[in-house]
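Structure first, commentary second.
It should be emphasised that the depicted structure is a prediction, and the values quoted were computed from it without experimental measurement. Atoms considered below: every heavy atom in the structure, side chains included; atoms not considered: hydrogens, waters and symmetry mates.
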Amino acid sequence: MENNYFMRLMMSISSNSKQLLLMLIMFVSIAAVAQNPALEFAAGDGNPTGNGPITSTAIRFRNNTNNPTGTTFATYNPALNVQATFSNQQYNYTGITPNAAVVFGYGNAPIAVFPLLNFIGAPVDADFTGSGAAVGQGISVVNNRAIEVQNITTPLRVAGIPTNQRVRMADMTLTFNRPVNNPIIHIAGWGGATGTLLFSNELDLLTSNVPVTLSKLSGSTALVVTTVGGVQQINNGSANPSASGDNSGKGSVLISGQGITSVTFRVYIRGNGAGTNWSPNTTAPAGDAWTFSMSLLESDLSVAKTVNNSTPNVGDNVVFTVTATNNGPSNDTGATVQDLLPNGYTYVSHTVSAGGGTYTPGTGLWNIGNLNNGVSRTLNITATVNATGN
């Protein structure tokens, strides 16, 4: 089971013996798997198709039904949305409405709020790691979409901010409409230039509703996840940041945590001091344009097991009841439970509840198939207690 999945395996069997041969009813190993929805940013389902600039946008995750090898997207219910919002703007840019220096969907002219992931910075698939996928796999830069951000530096020239500073610009909050586990943020295009000055966007983790830990999964050498003064940061570690190549900040960062509903990053722009001005003049827009996408897995499965007689004699029949439950919120497919009787029992018979699929006694494989949100299926296995064996 991928560690991105939230799964609880519960076994409740009372064991006892009435035999001098030390007959034991042992815990029987249970393992459960299912195909969890791989939720990603993609076009459709009402996601933005227009241009900015704006300071808040909502994206509905879509289900990549053949992740990580393909990109067939489908509507996912119940809907999972993330609202991305900028607040606490430190500088204004009067050349646009809204009068803000950090916005979605803006460049030298209005551009798409939700372009393809490769819109800026020339990233490739191998820079990213999708949820539930191997490193460098599971994300397609020509199929997955991303939110475009413009971190406008022109107000810094107006304010006379030195170009060798790491300057606070705004806060960016990601708010989910229900708790999620271990989302991944996929970043591209950190790095730019105005004349000889090189600069890059950077992020500090400011707050989250539950404790979270940031860790880099893949990407360019320049993309660095670190902790400075107790603050977790995603930085461009290159002394000479660029819009593309290995000096560009691009890659995937895992936000490890359970029950996440909101994460807030503080947005910075860092200049390398190689030029005297943040922009060509006081009116022309300049800054670091970049994109970010997101992905996650969603499922909460549990397996419980009980026995009807915890103190049987040799030769008695006992009935094990295995209950598989999808605690939601996703509808899972391909659900299976592995439960093979040890040699201390002789299989007699089994029954499964309606819609519970099939059980194969010889392998112990219970193939449930579809297991929808809020649904439980049961398997009853009748077995005789042997005089020897586990």
> When you look at Asn326 and Val375, which way does the side-chain contact (heavy atoms from CB on, under 4.5 Å) test go after all the steps?
Replying inline: CA-CA 6 Å; Asn326 183 349; Val375 171; 5.6 Å; no
>> Whether the Ser252 and Thr129 side chains hold a donor-acceptor pair (N or O, under 3.5 Å, no angle test) is what I'd like checked.
In response: no
> Do Thr221 and Asp246 have a side chain donor and acceptor closer than 3.5 Å?
Replying inline: yes
>> Quick check: do Phe73 and Arg145 have side-chain heavy atoms less than 4.5 Å from each other?
In response: no
>> Check the orientation of Phe176 and Phe61. Use parallel for under 30°, tilted for 30 to 60°, and perpendicular for over 60°.
In response: parallel
> Just checking, any donor-acceptor pair under 3.5 angstrom between side chains of Arg166 and Asn235?
Replying inline: yes
> Are Thr85 and Ser56 linked by a side-chain donor-acceptor pair shorter than 3.5 Å?
Replying inline: yes
>> Could you tell me if the side chain of Pro123 sits less than 4.5 Å from the side chain of His186, heavy atoms only?
In response: no
>> If you define the side chain from C-beta out and look only at heavy atoms, does anything of Phe114 sit under 4.5 Å from Thr57?
In response: no
> Between Ser293 and Asn144, does any side-chain donor sit less than 3.5 Å from a side-chain acceptor?
Replying inline: no
>> Testing the 3.5 Å rule here: is there a donor-acceptor pair between the side chains of Tyr268 and Gln233?
In response: no
> Passes side-chain contact (heavy atoms from CB on, under 4.5 Å), Thr55 versus Gln89? Steps please.
Replying inline: CA-CA 10 Å; Thr55 56; Gln89 299 271 354; 4.3 Å; yes
>> Looking only at the side chains, is there a donor atom on one of Asp171 and Ser87 sitting less than 3.5 Å from an acceptor on the other?
In response: no
> How about Asn247 and Ser242: does a side-chain donor come under 3.5 Å of a side-chain acceptor?
Replying inline: no
> Parallel, tilted or perpendicular for Tyr347 and Tyr359, by the 30°/60° rule?
Replying inline: tilted
> With a 3.5 Å cut-off and no angle check, do the side chains of Ser376 and Thr325 form a donor-acceptor pair?
Replying inline: yes
Show me the side-chain donor-acceptor pairs of residues 91-105 shorter than 3.5 Å, one per line, residues at least two apart or across chains.
residue, atom, partner, partner atom, Å
Tyr93, OH, Thr283, O, 2.8
Asn99, OD1, Tyr93, N, 3.0
Asn99, OD1, Thr94, N, 3.3

>> Are Arg377 and Trp366 packed together at the side-chain level, in the sense that at least one heavy-atom pair is separated by less than 4.5 angstrom?
In response: yes
>> Between Thr346 and Asn386, is there a side-chain donor-acceptor contact under 3.5 Å, judged purely by atom types and distance?
In response: yes
> Any sub-3.5 Å donor-acceptor pair from Asn67's side-chain atoms to Ser131's backbone N or O?
Replying inline: yes
>> If we count only N and O atoms by modelled type, under 3.5 Å, do the side chains of Asn201 and Trp290 hold a donor and an acceptor together?
In response: yes
>> Less than 4.5 Å apart, side chain to side chain, heavy atoms only: is that true for Gln232 and Thr227?
In response: yes
